[in-house]
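To start, the structure itself, in structure tokens.
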Number of protein chains: 4
Amino acid sequence: MHDLLTSPRVRLRRRGADKHPLILKAARTLIAQSGFREAQMTAIAEAAGIAIGTLYRYFPSRTELLVEVVKFTAQREVDVVAGIAMRDGTACERLGMAAWTFASRALRGRRLAHALVAEPVEPEVEAARLTYHRALSRVFRTIIDQGIANGEFPEQDSAASADCIVGCLFEGLVAPLSSEAALAGVPMQSQVTSIISFCLRGVAGTAVAFIPPA
Amino acid sequence: MHDLLTSPRVRLRRRGADKHPLILKAARTLIAQSGFREAQMTAIAEAAGIAIGTLYRYFPSRTELLVEVVKFTAQREVDVVAGIAMRDGTACERLGMAAWTFASRALRGRRLAHALVAEPVEPEVEAARLTYHRALSRVFRTIIDQGIANGEFPEQDSAASADCIVGCLFEGLVAPLSSEAALAGVPMQSQVTSIISFCLRGVAGTAVAFIPPA
Amino acid sequence: MHDLLTSPRVRLRRRGADKHPLILKAARTLIAQSGFREAQMTAIAEAAGIAIGTLYRYFPSRTELLVEVVKFTAQREVDVVAGIAMRDGTACERLGMAAWTFASRALRGRRLAHALVAEPVEPEVEAARLTYHRALSRVFRTIIDQGIANGEFPEQDSAASADCIVGCLFEGLVAPLSSEAALAGVPMQSQVTSIISFCLRGVAGTAVAFIPPA
Amino acid sequence: MHDLLTSPRVRLRRRGADKHPLILKAARTLIAQSGFREAQMTAIAEAAGIAIGTLYRYFPSRTELLVEVVKFTAQREVDVVAGIAMRDGTACERLGMAAWTFASRALRGRRLAHALVAEPVEPEVEAARLTYHRALSRVFRTIIDQGIANGEFPEQDSAASADCIVGCLFEGLVAPLSSEAALAGVPMQSQVTSIISFCLRGVAGTAVAFIPPA
DNA sequence: CATGAATGAGTGTTCATTCAT
DNA sequence: GATGAATGAACACTCATTCAT
């Protein structure tokens, strides 16, 4: 798969437990609870049960740390979705299942998903988030390309279609993520179903001519 | 149309020009250049050529100011797109044109569009952003409903479809931000065309069955 | 009587109504409601129904204005108490009545009394407050001196005794002024009676020898 | 004794000296020099030779810091006076000595005493100041009650009498602040003697009837 | 003269980062 | 290596005062 985790992590010294994942987990928990804003270095250190100074032994700055949290969490999601994408079945089935899986998981960890999708502050973190979008898009594109190859889907700009699917999923998730009304959770399933149906039509539907104005 | 601008602004000012739009413009320019983060009160005041105190004569707090920037900018875009939506033509044509118009305008001010779509931090600003998404979605939904009514589009969850279109457009705008390559601007038009085609297929395409797993 | 109002008020121009007392009254009302802190120039101007600029035509600064409010209000109280002091009756009776009158009036306008007695911030306002204390003390001293002269009271440092009376009254007023508990108002009368009794004993009581340690 | 210092100060500090008393002392010095008004966080930090941030490690806010200064300083004075109150001797002797001690100490640090007695602005600080008054009053009341019990003093409202003594002492300290003449300091001793004599007469003097008017 | 919009120095507070122990 | 006390730049916001209209 496309690896989001490319930071060398050279500064890690062996001897004793590697606190890297511990810190990452503590930070993710905090972010999942109350967003990036509340994930201050002091809070993260406390949550990880270590001193602030130790934090800086594993991460050069808060920004780096947040970036890594985003990358780490995103990679996991991308991996899961990618796993679905490589199963047996028609491209259509796999596309639906991949989208469904992504949405289901995101809805389970609402606050974290929201942070990963819509909250970022620092440019570096934002960049990591976009990389996440692209990695996810790449998974969908692979399925679409296969579908086009085997005649399931009509000829199309598969990269654009994949981006659209990502956009549909995020928009469909972000909106309810912030509104208290949708917290009921029940209407979620039908909402997700509608979104995926739209995506499938977008990918497999009969071509509609759109001619951009001069 | 759905009015996003509901702040009363009761204070009357008699002498001197109303600095409200001046400040809004200065703030928008700053945000367009480097995002909300850099739009500090000091910077905004300087950009507007006024004193900090004057800022607070027009806006009770930084948050309110940012919210108003989002609302103001968003309302303008929504109005333009809504105007397109009410012209003559088939639902399909109008949907395409509305989407095209939105994308074209947004691409002109990329950084600002991005801020409006993905950057907000404060809950109040976030809320304003979501209102923007929903207002835009409502415009598209109106077109879709008309299309369904006159038989152009098949039966569907028009609200979900409209949300998807918004998601496609936003993702299509945000996505290129991550790839330096696409900054050339030239391939933009074809990219937008592909996205809109996907949306039209999603709305008008033949129904594809997606059955969510148990 | 001793005049507390010595500021020249040269800057007042005739023609039209003299807004001096109007402003003073507005300021006093505000102070009586929520203390000096809330008596901002904007608030005072608004309460007086004039513009801020006009305020500065009558008072050179906020400090001067507050000083004048203190002086003005204090003078009125001193005048009333002094009136009691010059009535017929024994020195003892007049002392009691003067103290009683002062206390009764102060308790009627609780918040204002508190501001005048314990809230001041700026050195200049503080000075005005002290002048108030001294003016009040002078009234009591006059009575005490008369009492000593006609044999009602034993020989004593009348200035110190007068200061003590002022201290007793203020302490007796300030304490309950800030405690919500005493807002019942009923136990006030007996409390005041006890205080005045203490003062009368202090003035008329049999001499007790206090020899300061070396 | 009645403890004015109830703040928990739970934060533990291991390395370096506990800067709590250092900050308190720096703040008290500043207040003693020019009152609460000039005791800004920046000034306090500078006076204590530490950074502003460090201030906030020890005190959550400026208000809390000022409150603690008042409590700390007041508690010390109350403790000293209370110590005198529990020595051997007649109630009269102890009352005189307690008052004398309080006055002598207060006169040594005039400006600070004044701030503690008459300057506070913020409600929280004011509350701390009142607690100080009441604590001091309680000490005097104890002596008075003992004097009444052993027949030294006539029956009386001991709480009111104690408040009066506090009022006399405070007024006696604040009053001279207004007259430049008395700043010489020499006449201070006789002034204090006169005040204490008044108080002793007020407590031990023959009852004088005061009947409040209807 | 009256007006009130404009001013901007000043203040309390936060939090990522450093470095002596 | 781990610690966490110390740091201080940065920021939002207030309000007495001024001066062009």
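Keep in mind that the numbers below use all heavy atoms, side chains included, and drop hydrogens, waters and symmetry copies. Throughout, a chain's letter reflects where its sequence line sits, starting with A, and its residues are numbered from 1.
- Annotation: side-chain contact (heavy atoms from CB on, under 4.5 Å) contacts of B:Ala43 (sequence neighbours excluded): B:Leu30, B:Gln40.
- Here E:dG12 presents its P atom at 20 Å from OH of D:Tyr58, a figure rounded to the nearest Å.
- In this structure, the CG atom of C:Leu66 is 11 Å from the C1' atom of F:dA16, given to the nearest Å.
- Atom P of nucleotide E:dC15 and atom CG of A:Leu65 are separated by 16 Å, given to the nearest angstrom.
- Closest of all the heavy-atom pairs between D:Ala39 and D:Leu66 is CB-CD2, 4.4 Å.
- Where C:Met41 and A:Gly49 each meet DNA chain F at their nearest nucleotide, the meeting point lying more 5' is that of A:Gly49.
- Rounded to a whole Å, the CZ atom of C:Phe59 is 15 Å from the P atom of F:dA16.
- Separating the OH atom of C:Tyr56 from the C1' atom of E:dG4 is a distance of 12 Å, rounded to the nearest angstrom.
- Place C:Arg62 and D:Ile50 on DNA chain F by their nearest nucleotides, and D:Ile50 ends up nearer the 5' end.
- Phosphate proximity of F:dA5 to D:Thr54: absent, as no side-chain N or O sits under 4.0 Å from OP1 or OP2.
- Note that NZ of C:Lys25 is 12.0 Å distant from OG1 of C:Thr73, once rounded to the nearest 0.5 Å.
- Taking the nucleotide of DNA chain E with the nearest heavy atom to each of D:Ile52 and A:Ser61, the more 5' of the two is matched to D:Ile52.
- Phosphate proximity of E:dC15 to A:Thr42: absent, as no side-chain N or O sits under 4.0 Å from OP1 or OP2.
- Which of F:dC11, E:dG4, F:dG4 sits closest to the side chain of B:Gln40 comes down to F:dC11.
- As a whole-Å value, the separation of C:Ile44 CD1 from F:dT17 C1' is 13 Å.
- The CZ-C1' distance, from A:Arg57 to E:dT18, rounds to 12 Å in whole Å.
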Carefully, step by step, assess C:Val70 and C:Phe36 under the rule side-chain contact (heavy atoms from CB on, under 4.5 Å). CA-CA 10 Å; C:Val70 171; C:Phe36 287 108; 3.8 Å; yes

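- The CZ atom of C:Arg37 sits 10 Å away from the P atom of F:dA16 (whole-angstrom rounding).
- Listed for the A:Thr54 side chain is no donor-acceptor partner under 3.5 Å among the backbone atoms of A:Ile50.
- Atom CG of B:Leu65 is separated from atom CD1 of B:Ile23 by 7.0 Å, given to the nearest 0.5 angstrom.
- Helical stems involving DNA chain F, defined as 3 or more consecutive Watson-Crick or G-U pairs under 3.5 Å, span E:2-21 with F:2-21.
- Ion pairing between a basic and an acidic side chain is recognised when a charged N comes within 4.0 Å of a carboxylate O; B:Glu68 and B:Lys71 show no such pairing.
- The side chain of C:Lys19 places no N or O atom within less than 4.0 Å of a non-bridging phosphate oxygen (OP1 or OP2) of E:dC1.
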